[in-house]
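Side-chain atoms are counted along with the backbone in the values below, which use heavy atoms only and exclude waters and symmetry mates. Source: prediction; values computed, not measured. Letters A, B, ... mirror the listed sequences (proteins, then strands); counts begin at 1.
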Amino acid sequence: MLLLIALFPLAGFLVNSSFGRRISKGAAGAVACGAIILSFAVSVAAVARLAGMPPDDRAITQTVFTWITSGDFSVNLTLRLDPLSSVMILVITGIGSLIHIYSTAYMHEESGSEYARYFSYLNLFAAFMLVLVLGSSFLIMFVGWEGVGLCSYLLVGFWYQKKSASDAGKKAFIVNRIGDWGFILGVLLIFTRFGSLDFQDVARAVAQLSPEQAFGTLSLITLFLFIGATGKSAQIPLFVWLPDAMEGPTPVSALIHAATMVTAGVYMIGRNAVLFGHAPLTMNIVAIVGTATAFFAGTIALVQNDIKKVLAYSTVSQLGYKFLAMGVGAFSAGIFHLYTHAFFKALLFLGSGAVIHALGGEQDMRRMGGLKDQLPITYWTFLIGTIAIAGIPPFAGFFSKDEILFKSFSGGHTLLWFVGIVTALLTACYMFRLVFLTFFGPRHQEHPANPDHPGNSEHHHLHDAPMPMAIALVVLAIGSVAAGWVSVGGRFEKFLEPSFGGPLTGSVGLQADQAAAAGSSETALMILSVAVAVAGIGLAWYFFLRNRKAAGQMAESFSGVHTVLEHKYYLDEIYDAAVVQPVKIVSEEGLWKGVDVGVIDRVVNGVAQFVGGTSEVLRLIQSGSVRVYAASVFFGVVLVLGYYLWR
Amino acid sequence: MMAFPILTSLVALPIAGALVLLFVPADEHNDGTVRAIALIVSLLVFAETLLLWYHFNAASPDFQFIERHNWIPAFGISYFVGVDGISLLLVVLTGFLTPIALLGSWESVHRKTKAFAMFILLLEAAMIGVFISLDLFLFYVFWDAMLIPMYFLIGIWGYDRRIYAAVKFLLYTMAGSVLMLLAILGLAYLHSTATGSYSFDLLQLYDLSIAPKTQVWFFLAFALAFAIKVPLFPFHTWLPDAHVEAPTAGSVILAGVLLKMGTYGLVRFAFPLFPAAAQLFAPILATLAVVGIIYGALVAMVQPDMKKLVAYSSVSHLGFVVLGISAMNMQGVQGAVYQMLNHGVSTGGLFLIVGMLSDRRHTRLISEYGGLKKVTPHLVAAFLIITLSSIGLPGLNGFVGEFLILLGAFRWNPKMAAFAATGVILSATYMLWMFQRVNYGPVTNEKNAKLVDLRPREWFVIVPIIAMAILMGVLPNLFLKPIEPSVRRMLNQVQQGAASPRIEARR
Amino acid sequence: MTLFYLFGAVAVIASLLVIAQRNPIYSVLLLIASFGALSGLYVLLQAPFVAVTQIIVYAGAIMVLFLFVVMLLNAPHEETEHDEKIHPLRRPGPMRFGAVLAAVLLVELLWALTRAGSEGTAFPGADVISVRAIGKALFTDYAFPFEVTSLLIIVAMVGAVVLAKRDTRRGGAPAPPTP
Amino acid sequence: MASLNAIVPMLCVAAAGIAAMIAEAFTSPGERMPIAPLGVIGLVGAGLAVAALWGHNASSFGLVAADNFGLFVTGILVVVGLLSIAISGPTIEREGLPRGEYYALMLFAIAGMILMATATDLLVIFLALEVLSIGVYVLTGIRRDSPVSTEAAFKYFLLGAFASAFFLYGIAFTYGLTGSTRLDRIGSVIAAQALTPAPMHWLALGLLLVGFAFKVSAVPFHMWTPDAYEGAPSAVTGFMSTGVKAAAFAAFVRVFLSAFEPLRASWSAALWPIAAATMIVGTVVGVAQTNVKRMLAYSSIAHGGYLLLALISGNDVGKGAVLFYLLTYALTNLGAFGVIVLLEDHDRPNDRVADYAGLWNDHPALAALMTIFLLSLGGFPPMAGFIAKWYVFSAAVKAGYVWLAIIGVLTSVVSVFFYLRIVVMMYMTPGGESISRFPSVPKIAGAALVLSALAIFYLGILPTRFIDLAAASISSIF
Amino acid sequence: MMPTLNDYLVLSAILFAIGTAGVFVRRNLITILLSIEIMLNAVNLSFVAFGRSLGTADGQIIVFFVMTVAAAEAAVGLAIVIGMFRHRESLNPDTFTSLKW
């Protein structure tokens, strides 16, 4: 049953990749959507079965075959559905289905074979993502982990003729690989330490460790794993690939770079809650990195002009929230935010996609404006998503974000909480800036579209989202409104608890008295965060709707800050100068031309030349004069006799 | 039941094929016949290797299908062949790649087709011989004999600097192996002082007690020969030249099988014969391997020539293999053996792809290409899969080997593994960068606009490679199973030998 | 004793003069003188038959052959103007080098011989070995080597003929020297 | 009367030589007389005699011993003779050499070689040496109209005479020390004196060593070799590079490993650097050569070095190795020179390395044969050269001469470089000129080359028969 | 006082050394050949002296063989010299250096 969930998209991939260019676009789309919807159906059934099980024993396991065996090392291809993964598969297949449907319209301009290719990649992605979340061991997870990276690479670089697109795909893959380096080392260390890679085995083994025993190894393991997470989930210092990944088609951004793949790091930490729970040092680092990422990405988002870039940084920022949650031990809050965020961020991306689609590929917000009347569906759904992300009750984002902030405050991480609150302000501000710039204000008439971009043929008249896109937008909007309510009364947390190894009693778990004290402050905090969100909206309203000149003045008066933010803290440039270029130059001039050709090969050839040179010299002794020859013989005689007589 | 000398026939069949070809008139219009004969022979060999596998008892660590005949009895030299799990799969790999290599150069070799086919078949015979020999003398004979056909393949059908490359290949590898010859002789001599009779029999020599100090010298001699063949940094510079200049079939076989002889030699000879010395030198070998992994990758990254890039990537990949062997534990060695197979498949595949491109465009410079995905989508798809297999994407073959090696290395020396693992990042970097420059972007060069996609023959070449890459990635146990008992036996041997430094036998 | 020194001195001086002469005719004649002195020494060594053979065969036959060739070629004087050749190893270097080596060799030989010890004794007072005894040994113990010399002489004869015979086949014009 | 059995092989060959002379003498000008078959008959007779005498340890006059060792070398010399005659035909034809004299000299030289290999008396060895040397000097210079040929003969002769004077001096000292020239007597006397060697022992030893070293062209006594090899007609070069070497090494081994065996520590210490220098100089200088014959001359020097290595090792393996090596070397080198002969043209010698460009296209069979010979010289399996080198190196390793063995294997790698230069030319370099620049191949010579190539493979793949024979040969005398 | 064996050997050695020197100091093929004859004669003297010392005829008999060899060498050597003179009209050994390196 579990295997089926992943197999359907895989089958869709195989069909579309093998026969995609021979069947019609409709058929290709239908195959892909059918595959993911079937998968969704099976997922729902599976989750239903899971929900019907006793709460402490909720798990469905399926071992397909033994994958790798080597000595005492053995990995089965085992899939396990538990509450945590059930949330994930529902998000993946559910939102995935919507995005597939949305894509049938969005990608309609592509030629048949490209269309099929797109859907085959999308299906493949779904398959790998499902493997990632269903895998019962680190290695199976890693299969999915790498597989989604591959699909991300392929989809980001989908418009491969654009250099920026293929660059972005490559960058995504390579940066991810840097994270994978850490992940692999973590996995190796886990196996070396615990002799197994199965999540449950490891968790059990860890739970039995005393904190002293646990500290060193576990800190190291979790740090390595966290490096993997920063790569996949775009955290400092490896977040740079995600904004670039916006080169891919917008539905891809929605699915992969907002809802699912980028959350894999969060999922991974949640999956190993016990492990991380025993490593307070790492937890602190996770929380700090998450918060810092949230804040910095938020600041960058404030000044971006590309609609998708804003959303991308917003995603990074929100991922930071999730890591904050994880880092303070609020695993279920993090997963909850992951879940709600999937809805509204997918919605926002799809909405932006609808805008871009409508404008024939225009992505610069400065050239948009006043679209709310022309694109009503898009506008309204987008607005819902924006409110949700800003954290206004009763939309989904409110519940989850508030929970995170509350947990971090009550956990005693006041500073983190404060930065979180500031970030919430930023979030509300940049998101509404986006809304105001895009949908309000005067309309820019000319839309010089990117000639490579699909849809450029119809740039002269605006049209709202076509049916499949609209369906996806509306469904997601409903989700963005309603999804938060599942957590009311702690149901969500209860449901997930078994996956985190039960109520945490570890060092970062809430102490009973703290919890009691926190209970009273919860309402106060809630009000504060809503107020902050409203304030953010207000700021956005002032600067980007009411008085746009003020924004320009602000930018000028803080031109230094503005430039830094606009260039994303120059992080790409710094990486380029500090890592990429040195590596290239050292490799080319130093290693290849210097060491390889200049030293090693020169030595090798030098030996040959030495022999040749010696030969050229020695042959000169053979001068042709018979007396020289005789002298040589004579010399030999004298030497031999001399040797004997004088030795 | 196997009274039939199947191993001998594996060596004899290609030689017989070559002899048959000798009597085919060397006319241009006989090329078809020549190719057909060669292909049929090589396919027969492949079928026979599969038969071998089928009859192989995977549960047994012992050498199987043993044949032993006196050869030069005065020196205890016998014709002694047999396979265990380690060599079995390498033999199969040889059988697998040879027809592909032949088919891969079907059209690019116009001149002297007959000689070409003959050399390929002779090469195959020698390569199989290397893997099945259990007599050191016999092993050395095949080891050296293999140089000649390869030399001709590079020298005659290669590219511009083929002569330089061919001579360098031959002399460099030979320079390494002659010292091994002396060490082999020394071993036989030691055996005669210990027992009174010469022996080149590997199994008997395994039992020989050698003073640690002597082991050091012998190990160095063996290791040098193998390190050059692998090639281990810094003995690798012949490889880029040989690869770049070799014809496609040559590159495929060179990368696919020949390089494996070095690592195979380490596993089969250098480590078990001289366990104490191996223990001593394993860290050094591993260090060189790790340096090679990183160095090869970095240098590969900046190559303007596709073949050179792949060649340097081989340096990097084979660094993993040596690292795994140096770790001397189950995962390390098994992963190393597995990685040998992987590398044969994926790098063989890469060379085939590069060969197809250079057949079409007569250049291997990356800058000459661009945007091929638009023009030749199938070719590029195959290219992509093989690229992914080469960078070790889970689900394809490369991952299994690399992971096991890293695991083995990590259990042995975590720092080495940590450095080696950076190869994972770097391989993605250079392969994807190359892939991007060749296949993505607009078609900038007019000459690329009209390239043909995969021809039917090329489908036959590339599909088995891809199928193998997927099979080995998804069902690695199929291959790991027969390897395991043999590796276990070898590890026991090494560990026991190293644990009790035996006193030199004197008589 | 005196005779030994006399003959020895003559032999050495004549030999030295042989190699000091530029004119080969004088060299040949001086060598004959040297051989004469040697045959005197053979007499002192109670080997009269060798002494006679030395005069007849060596001085009489072989040296005449040399003389004949010298006359035939009509090139009595040594040419010295070839020293200007480029190659340094061909300049008088080897000449001096050879002479030095000869001196070293002499030192070595003398050093070895003067340390011989047991050989410093006088000869045993044996009788003159008769021609008869020599002949008998030659045709019994040394019969085979004797026959081998016949082969040697045939080879030398054929060889000399082959090499020295004027080439009739191609008109005898010497081929131009190859550079 | 002593038995004549032991000299039968030599007599057969000498008789054939005389027959050749007579046949030539009774041939009227212009008439073609089959002289070569006379030589073949004589050589075959010698071969049969070898077979008949095998294992009988025949001895004549106490001066010649047809022990298995000598017979093995005689066998090699018979092979050398047959192959030389087979490849001489084209040379004689093309150069217009005096047929009768040529064959007669060659046969006499072979007779001398056989005698040298079987003689057990220093005087006989000296005489045999002179017979073969004079024969070979004359053969070297037999192209009278060629200044190069004459020059080669002159250099060879002058240095040969010079060296044989030293050799003779060495015999004189040996005689003075031991009172005999017979090896067995010398051996017993030396054995008695070995503990207290006098300076004169060193003179004797050193001078004899020099004499042999010259004949086997060991460095620094090698300098005649390249010039003589280059200047001589190619068939003669092939003949002397193999025959002289075989005979000289046979005598060398016999004298030094039987009579002077008690002083082995002393002479091997002196030969050690000579062997090393021979291997190194032979290969290293060979690298720069552009003339194939000259290159093979240096190669021949280097091969002499390997044989010296076996000699120095001095153990049973080494002695067997000398025999086996000589056999393979004879087959291989004569094969290579056979190809050179067949490529010669009267107008152009075609003996520069560059002349071989594109031979594969023009003469694939000859190119293939040449490749086999060269690879065998380079010591590649499955050619005989590999087994031979392996044999030598195992002797050296066994005797503990590891450094010499290392020099040996490394120089053999270097030597591969220049062998391959020819292969590169033949196979990998396009020939600029028309196909007809090489003459056609006479059947007999071609067949001989094919046979030797097959023999090389036979010895390389199934060497055990001849290894056993070699082992049996040395066990009978040492 | 009679000269001892050693005196003869020393004399022989001196003559031998003169012969070897002659090979080098003269630039005339004939003289070089003569020098070799001096060397052979020096050896002969040794043989006779040794024979005398040993009291057997062997030494003398060997001398006859050496003379034969010397004669044979002289014949062939002179024939070669004649051949060379024909080609180059010179007896200087340094003229004959077309074979080298």
Which bit of [X] comes within less than 4.5 Å of chain D, counting heavy atoms only: side chain, backbone, both or neither?
X	value
E:Ser46	side chain
E:Thr68	neither
E:Ser35	neither

> Among residues 159-173 of chain D, which residues come closer than 4.5 Å to chain E, judged by heavy atom distances?
Replying inline: D:Ala161, D:Phe162, D:Ser164, D:Ala165, D:Phe166, D:Leu168, D:Tyr169, D:Ile171, D:Ala172, D:Phe173
>> The test is side-chain contact (heavy atoms from CB on, under 4.5 Å); show your working for D:Phe126 and E:Ile62 and say whether it passes.
In response: CA-CA 11 Å; D:Phe126 178 68; E:Ile62 292 172; over 6 Å; no
> Do you know which two heavy atoms are closest between E:Gly83 and D:Thr150, and how far apart they sit?
Replying inline: C-CG2, 3.9 Å
> Do you know the tightest heavy-atom contact between E:Leu99 and D:Lys155?
Replying inline: O-NZ, 3.0 Å
For the side chain of [X] and the backbone of [Y], is there at least one donor-acceptor N/O pair under 3.5 Å apart?
X	Y	value
E:Lys100	D:Asp227	no
D:Glu151	E:Ser98	yes
E:His87	D:Arg144	yes

> So what's closer than 4.5 Å to chain E heavy atoms on D:Thr181: side chain, backbone, both or neither?
Replying inline: side chain
> For D:Ala152, is it the side chain, the backbone, both, or neither that has a heavy atom closer than 4.5 Å to a heavy atom of chain E?
Replying inline: both
> What distance separates D:Met200 CE from E:Phe50 CZ, expressed to the nearest 0.5 Å?
Replying inline: 4.0 Å
> Checking side-chain contact (heavy atoms from CB on, under 4.5 Å) for the pair E:Leu54/D:Tyr175: CA distance, chi angles, key distance, verdict?
Replying inline: CA-CA 9 Å; E:Leu54 293 163; D:Tyr175 169 68; 3.7 Å; yes
>> Less than 4.5 Å apart, side chain to side chain, heavy atoms only: is that true for D:Phe154 and E:Leu29?
In response: yes
>> Using a 4.5 Å heavy-atom cutoff, which residues in residues 36-44 of chain E come close to chain D?
In response: E:Ile36, E:Met39, E:Leu40, E:Val43
>> If you apply the rule side-chain contact (heavy atoms from CB on, under 4.5 Å), what do you find for E:Leu33 with D:Leu158, and how did you get there?
In response: CA-CA 8 Å; E:Leu33 290 183; D:Leu158 185 67; 4.2 Å; yes
> Counting heavy-atom pairs under 4.5 Å to chain E, which of D:Gly179, D:Gly141, D:Ser133 comes out on top?
Replying inline: D:Gly179
